[in-house]
Amino acid sequence: MDTSSIIKNGVALFELLDNFVEEIGEENVIQVVTDSASAFVLAGELLMDNRKKLIWSPCAAHCIDFMLKDIGRLPVHHDTITKAKTLTVYIYRHTWILNLMRKHTKNYNLAMLAVTRYCLKGVLPLVKVLRLVDGDAKPAMGYIYEAMDRAKEQIEKKFNKVKRRYATIWKIVDERWALQLHRPLHAAAYFLNPRFHYDASFEADEEVRLRLYMVIERMYPGIQARLKLDAQMDKFHNAVGPRNLQNDKKGKRKFVGEENDVEIIDDDVEEEIEEEEEEYIGDDGVVLGDDLEDDDDLYDIAVREE
């Protein structure tokens, strides 16, 4: 469908989305996701006003992409990337310099994407989250909330916990997260995700519980339905139900027979990635490119199959 004529008209976009919901059936629609442009934000708010049980959310990948763009505009990153691009273009336009470089780097080529990653190494955790939410293999809703928390922790770790080095990046992440992506549905999905809920260290704070009940109240406004949900929530928390639970080797409880569980990358995998990164940097600090076969070599995936 061609929407170019209404793409900046929030009311027209609302009418279009509302017609789709009507066609599908409101009872069959839980969430509507759009990008975070102002017209879509208005359309989403109007849609939630008109459809009392439906939840609108901006696209997580779009939001994280904006975080990365904002961080890329910081002088320390922007200037370095610009100089790297200028240097690369100069080398590849002068054959004798290119041959000289290859002679001293064992025939390696410069990889611009790798240069970019080297300059933005501190935001690699955000790239992993982007890969998580932008993939089609697994639903990411139940992982976004935890993934963003872990991304901030890993950014802090990459800067050796020196606050003045990562404070600006955290500020950008927090502002985008609070403005666009910090939604009750993400907190509710995190709380109800068995991967986290049955972890021995799981403890839902007041904010998570509040947002969980905000979602419940919106989707189930009736008192009787909420009382029934409260009883079911107790059973869920205590792992009581028709499906058996068992302890795995890590002491975490998970559903028997559940396959292909998604796991947010943890510290031991992070260390493996950092070891791999060293292979891409020569002794003189030049980032080399012939060994980088595809995108997965540049950015290890944010999730892995168990």
Side-chain angles (χ1 to χ4, degrees), residues 21 24-33 44 47-48 51-58 60 129 132-133 135-153 177-178 181-267 269 302-306:
V21 173
I24 297 169
E26 185 175 356
E27 68 279 4
N28 299 319
V29 181
I30 296 174
Q31 182 189 28
V32 173
V33 179
L47 190 63
M48 287 184 65
R51 306 285 182 173
K52 299 303 181 183
K53 293 185 179 181
L54 181 148
I55 296 174
W56 166 80
S57 299
V129 180
L132 168 67
V133 301
D136 296 326
K138 295 289 178 183
M141 176 60 68
Y143 297 88
I144 296 174
Y145 196 91
E146 178 73 5
M148 288 303 301
D149 278 349
R150 293 194 187 186
K152 288 184 62 179
E153 291 172 359
W177 171 256
L181 199 55
H182 198 192
R183 302 285 166 167
L185 194 60
H186 294 135
Y190 161 71
F191 183 92
L192 297 172
N193 187 341
R195 169 66 178 80
F196 301 124
H197 195 96
Y198 295 127
D199 189 289
S201 63
F202 177 81
E203 185 176 352
D205 57 25
E206 182 179 348
E207 179 190 44
V208 171
R209 291 183 180 276
L210 175 62
R211 290 175 177 270
L212 168 67
Y213 284 107
M214 287 172 65
V215 172
I216 291 174
E217 287 177 5
R218 180 170 182 83
M219 298 182 67
Y220 298 94
I223 298 297
Q224 292 298 323
R226 267 187 262 167
L227 289 174
K228 186 176 181 179
L229 278 171
D230 283 341
Q232 292 176 346
M233 197 72 71
D234 289 338
K235 289 183 178 181
F236 171 75
H237 179 69
N238 294 314
V240 176
R243 302 186 69 182
N244 294 325
L245 295 164
Q246 68 177 10
N247 291 322
D248 66 10
K249 293 180 181 179
K250 296 180 181 179
K252 301 170 185 175
R253 292 178 291 177
K254 65 180 181 181
F255 287 108
V256 175
E258 186 173 8
E259 299 177 350
N260 296 327
D261 187 25
V262 178
E263 182 174 356
I264 304 298
I265 201 160
D266 48 25
D267 289 341
V269 181
V303 298
R304 56 188 171 89
E305 304 288 337
E306 285 190 339

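Numbers here simply count residues along the sequence, with the first being 1. These numbers come from the heavy atoms of this one structure, side chains and all, not from hydrogens, waters or symmetry mates.
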* Starting from the C-alpha separation in whole Å, work towards a yes-or-no answer on ring-ring contact (aromatic ring centres under 6.0 Å, His included) for F202 and H197. => CA-CA 6 Å; F202 177 81; H197 195 96; 4.7 Å; yes
So do [Y] and [X] actually touch side chain to side chain, heavy atoms under 4.5 Å?
| X | Y | answer |
| --- | --- | --- |
| R211 | V215 | no |
| R183 | P58 | yes |
| M141 | Q31 | yes |
| L229 | Q232 | yes |
| K53 | I30 | no |
| L212 | M233 | yes |

How long is the straight-line distance from [atom2] of [Y] back to [atom1] of [X], given to the nearest 0.5 Å?
| X | Y | atom1 | atom2 | value |
| --- | --- | --- | --- | --- |
| M214 | I55 | CE | CD1 | 9.0 Å |
| E146 | F191 | CD | CZ | 14.0 Å |
| L185 | Y190 | CG | OH | 15.5 Å |
| D199 | N193 | CG | CG | 10.5 Å |

* Asked: Is the backbone of P221 close enough, under 3.5 Å, to the side chain of R226 for a donor and an acceptor to pair up by distance?
  -> yes
Looking at every heavy atom in both [X] and [Y], which two are closest together, and how far apart are they?
| X | Y | value |
| --- | --- | --- |
| R218 | L54 | NE-O, 2.7 Å |
| I144 | A60 | CD1-CB, 3.9 Å |
| A151 | V129 | CB-CG2, 3.9 Å |
| I24 | N28 | O-ND2, 3.0 Å |

* ring-ring contact (aromatic ring centres under 6.0 Å, His included) assessment of Y143 paired with F196 -> CA-CA 9 Å; Y143 297 88; F196 301 124; 5.6 Å; yes
* Quick check: are there more than 12 heavy atoms from other residues, nucleotides or ligands sitting under 6.0 Å from CD of E27? -> yes
* Please check if the distance between the ring centroids of Y220 and Y213 is under 6.0 Å. => no
